[in-house]
Amino acid sequence: MTINLLNRKFFERETIVVAKEMIGKKLVRLFRTDSTIIKLAGIIVETEAYGYLDDKASHAFKGMNSRNRYMFGDVGYSYVYFTYGNHYCFNVSAHTKTKDAGAVLIRAIEPILGINMMIKNRKKIDILNLTSGPGKMTKALAIDKKDNGIDITDSNSTIYLEDTIVSNVVLSTKRIGIEMDKDKYWRFIYAEKDRGKIVINRYVSRKKENTKFLE
DNA sequence: CTACCGATTATCT
DNA sequence: GATAATCGGTAGT
């Protein structure tokens, strides 16, 4: 069986385009021990794009430092940072070759594999709140600083993204929790059409934000 | 149901 | 010394 991973080229495009197209793809998290492999997985239902000189809200805006270094250079690498004294956020670097930095924050997934382990990691049993936010998701998947700078396009990595067929709807909204460049519609969420009505995926955080329809 | 607010600490300047 | 791409609890409607 061959698994189709998102490859380097996928991430070597405009950060906003990559953020939008990551919606509906599968995020896989592996734990390898001597004799077993534990696999956690979910469908990406919420992302945000963070740019470079075009985006005052981006960690990369003021230039490279030891924290944000993986937003720069080669694309398809994880950028994991710690914030608010408690939480980790998980990004994948993505930008065109001519632009030097940019990344996509994965804010929420719909759990599809290893839900029991996610419940253990989160110490919460409420399925709808297991992974519906960037800090909740990293905790459910046990992602932290040790996962910074790993190659997401390599199937030997402990985190990678699988390609999927995406036929549902993607909406955009303003980004969450920032003070600068608030008006960019660079947040993307998963939705589907149900008898003509647009229904936002249940695992998306803050579903009441004003949305724009894409295409 | 929505809105506000305090916790907590690595990292930046 | 100040900040922060959040969360969860509590108060209010």
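Each chain gets a letter, A, B and so on, in the order its sequence line appears, and its residues count up from 1.
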Contacts of A:Ile38 meeting side chain to side chain contact (heavy atoms under 4.5 Å, CB included) (sequence neighbours excluded), chain-then-number -> A:Phe31, A:Leu40, A:Met117
Given Watson-Crick and G-U pairs under 3.5 Å, DNA chain B in dot-bracket ([ ] crossing, | other strand) is |||||||.||||.
Within less than 4.0 Å of OP1 or OP2 of C:dC7, is there a side-chain N or O belonging to A:Lys139? no
Applying side chain to side chain contact (heavy atoms under 4.5 Å, CB included) to A:Leu30 and not counting sequence neighbours gives A:Val28, A:Arg32, A:Ile37, A:Lys39, A:Tyr160
Legend entry - Salt bridge A:Lys136-A:Asp126, side-chain N to carboxylate O under 4.0 Å: no
*asked:* What contact category does A:Asn129 fall into here, base, sugar-phosphate, or nothing, at under 4.0 angstrom with non-hydrogen atoms?
replied: nothing
Ordered by number, residues from residues 175-182 of chain A within less than 4.0 Å of DNA chain C (heavy atoms) are A:Ile176, A:Gly177, A:Ile178
Residues of residues 78-89 of chain A with a heavy atom under 4.0 Å from any atom of DNA chain B, listed by number, are A:Phe82, A:Tyr84, A:Gly85, A:Asn86
Applied to residues 110-122 of chain A, the side-chain hydrogen bond (donor to acceptor under 3.5 Å, both in side chains) test, sequence neighbours excluded, yields A:Glu110-A:Asn201
For nucleotides 3-6 of chain B, print each protein N/O atom paired with a nucleotide N/O atom at under 3.5 Å, atom names and distance only.
none

Sorted by number, residues from residues 62-77 of chain A placing a heavy atom under 4.0 Å from DNA chain C are A:Met71
Original post:
Which is true for A:Arg206 with a 4.0 Å heavy-atom rule: it touches a base, it touches only sugar-phosphate, or it touches nothing?
Top reply: nothing
Pairs under 3.5 angstrom, nitrogen or oxygen only, protein versus nucleotides 9-12 of chain C, please.
none

Contacts of A:Phe82 meeting side chain to side chain contact (heavy atoms under 4.5 Å, CB included) (sequence neighbours excluded), chain-then-number -> A:Tyr88
For residues 172-199 of chain A, the ring pair (Phe, Tyr, Trp, His ring centres under 6.0 Å) pairs (sequence neighbours left out) are none
Note: contacts of residues 97-114 of chain A with DNA chain C (heavy atom, under 4.0 Å) are A:Leu105, A:Arg107
